[in-house]
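Model, not experiment: these values are computed from the prediction.
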Amino acid sequence: MKNFVSADWLYENLNNENVKIFDARSDLFDREYGRKAYEDGHIKNAVFVDLERYLSGPKGKHGGRHPLPDLKEFEEWVKSLGIGKDTIVVAYDEQKIASAARFCFMLRLIGHEKNFILDGGIKRWMDKGYTLEKGSGENAHKDVSDFSTEFHLELVADVNDVRAAIGREDAAIVDSRMPDRYKGLIEPIDFKKGHIPKAVNYYWKENLKENGELKDLKELEERFKDIKGKKEVILYCGSGIDATFNYFTLDELGIKARVYIGSFSDWITYEENEVWTERV
């Protein structure tokens with residue numbers, strides 16, 4: 001696969017000096033959860049990535065709950081981790097939210113290409129019988145790289161791009177959230193329920209097998225057949241995290257897409273933006 005590596009592959013490459021591993025576990029309702037989970041047990045050599053601190057910028061009136069940070073600052077942080085152009089980066093989470101995909105997507109934004117999501121996450125690693133280590137791991141990966149960035153902002157969309165895509169036959173707006181949030185039946189985080197008009201729902205976790213690994217490509221081809229061939233595909237979720245998993249899934253199928261980073265939590269901050277529910 002282009003964007004995923006197996007637990008077996010990672011185990012075989014644990015001591016490869018060119019492979020750097022990152023633990024991106026997070027919980028939207030508990031900021032300290034990821035750090036605690038990491039210290040309780042992580043894959044050898046993994047470095048913890050704090051979603052709120054490194055993968056998000058400060059919140060404003062618009063921009064959603066997890067806007068992008070300053071990409072130059074993100075670049076400097078990436079360099080401080082020792083990530084070079086040819087470094088193989090493997091990120092994992094536990095599939096509560098797609099924070100490993102968010103990290104990899106942001107690496108793509110600054111021109112790093114050799115980054116991968118651990119297929120099946122840390123649960124698949126443990127299911128295979130591979131061990132974990134405890135502790136903070138603070139001293140890992142402190143060598144500074146000379147990575148030269150190349151920004152790819154064409155991978156992201158904003159509210160105006162979404163507005164322009166609504167109702168176009170050659171465009172697809174994809175909602176990556178669970179069906180009940182898309183339908184407006186529940187909303188645990190944001191202050192409005194529903195979805196962006198004309199959006200279609202492809203819940204990111206429905207791309208996965210029961211063991212957490214990505215479904216076979218033939219099955220995914222069938223799942224996403226209605227958006228293949230669209231001139232423009234824009235992905236969103238609640239705040240630009242889970243949508244990145246759909247981004248990498250579609251990339252496996254050769255479908256190019258953009259991520260609306262602000263997502264639904266940005267969309268609803270504009271009073272003029274319409275919101276649909278299942279009753280529309």
Side-chain angles (χ1 to χ4, degrees), residues 1-27 33-51 54-55 77-78 80-108 110 112-143 145 147 204-205 207-217 220 241-242 244-253:
M1 292 185 285
K2 293 186 290 184
N3 302 295
F4 299 83
V5 295
S6 68
D8 292 336
W9 183 94
L10 184 58
Y11 179 76
E12 292 167 4
N13 287 273
L14 264 186
N15 297 313
N16 182 338
E17 292 184 357
N18 196 44
V19 175
K20 295 189 185 294
I21 307 167
F22 296 90
D23 184 319
R25 284 177 286 178
S26 187
D27 186 327
Y33 173 83
R35 166 61 70 182
K36 291 174 184 175
Y38 172 85
E39 292 181 353
D40 286 343
H42 57 266
I43 296 174
K44 179 183 177 183
N45 299 327
V47 170
F48 176 63
V49 177
D50 189 319
L51 170 70
Y54 296 113
L55 306 185
W77 175 68
V78 166
S80 76
L81 297 171
I83 297 174
K85 179 181 179 181
D86 295 319
T87 303
I88 297 171
V89 170
V90 178
Y92 68 86
D93 52 38
E94 57 190 5
Q95 298 175 333
K96 293 183 79 167
I97 58 174
S99 41
R102 168 80 172 219
F103 180 41
C104 289
F105 181 77
M106 287 179 60
L107 289 175
R108 302 287 173 98
I110 63 170
H112 185 272
E113 294 294 331
K114 296 181 179 180
N115 48 79
F116 303 88
I117 300 162
L118 179 61
D119 199 16
I122 193 170
K123 183 180 184 300
R124 190 64 180 143
W125 175 269
M126 293 188 292
D127 287 347
K128 289 276 188 175
Y130 299 138
T131 59
L132 301 177
E133 293 190 347
K134 294 181 180 291
S136 65
E138 286 298 329
N139 295 322
H141 300 345
K142 292 300 182 183
D143 47 324
S145 80
F147 175 51
W204 73 278
K205 288 190 180 182
N207 300 340
L208 306 174
K209 302 175 185 176
E210 287 188 12
N211 66 7
E213 292 181 337
L214 197 68
K215 288 179 177 176
D216 296 336
L217 293 186
L220 291 170
I241 299 171
D242 292 344
T244 58
F245 194 92
N246 268 343
Y247 172 88
F248 287 110
T249 302
L250 292 180
D251 191 57
E252 291 289 327
L253 303 176

Within-4.5 Å side-chain heavy-atom neighbours: [X] and [Y]:
X: L81; Y: T87; answer: no
X: R108; Y: F248; answer: yes
X: N15; Y: K44; answer: yes
X: I83; Y: N115; answer: no
X: L132; Y: I122; answer: yes
X: L14; Y: I43; answer: yes
X: K20; Y: V47; answer: no

Hey, is [X] close enough to [Y] for a salt bridge, meaning N to O under 4.0 Å?
X: K209; Y: D216; answer: yes
X: K114; Y: D86; answer: yes
X: R124; Y: D119; answer: no

Hey, could you give me the [atom1]/[atom2] distance between [X] and [Y], rounded to the nearest 0.5 Å?
X: F103; Y: T244; atom1: CZ; atom2: OG1; result: 12.0 Å
X: E94; Y: Y33; atom1: CD; atom2: OH; result: 3.0 Å
X: H42; Y: F48; atom1: NE2; atom2: CZ; result: 11.5 Å
X: T131; Y: M126; atom1: OG1; atom2: CE; result: 11.5 Å
X: R35; Y: S26; atom1: CZ; atom2: OG; result: 12.0 Å
X: M106; Y: H112; atom1: CE; atom2: NE2; result: 14.0 Å

With sequence neighbours excluded, residues passing ring pair (Phe, Tyr, Trp, His ring centres under 6.0 Å) with Y11: Y130
Sequence-distant partners of Y92, ring pair (Phe, Tyr, Trp, His ring centres under 6.0 Å), two or more places apart: none
Write down the atom of [X], the atom of [Y], and the distance for their closest heavy-atom approach.
X: L253; Y: L220; result: CD1-O, 3.7 Å
X: G135; Y: Y38; result: O-CE2, 3.5 Å
X: E252; Y: K2; result: OE2-N, 3.0 Å
X: N45; Y: E133; result: N-OE1, 4.4 Å
X: C104; Y: A91; result: SG-CB, 4.0 Å
X: I88; Y: W9; result: CG2-CH2, 4.0 Å

Verdict with supporting geometry, F116 and V19, side chain to side chain contact (heavy atoms under 4.5 Å, CB included): CA-CA 11 Å; F116 303 88; V19 175; over 6 Å; no
Within the 6.0 Å centroid threshold, strictly below: F245 and F4: yes
Mutual orientation of the aromatic rings belonging to Y247 and F105 [parallel < 30°, tilted 30-60°, perpendicular > 60°]: perpendicular
Any donor-acceptor N/O pair, [X] side chain to [Y] backbone, under 3.5 Å:
X: N207; Y: L214; value: no
X: R25; Y: A37; value: yes
X: K134; Y: E39; value: no
X: D93; Y: S99; value: yes
X: W125; Y: S6; value: no

Flag if over 12 foreign heavy atoms under 6.0 Å of NZ, K85: no
Residue pair F22, V89: steps toward the side chain to side chain contact (heavy atoms under 4.5 Å, CB included) verdict: CA-CA 8 Å; F22 296 90; V89 170; 3.7 Å; yes
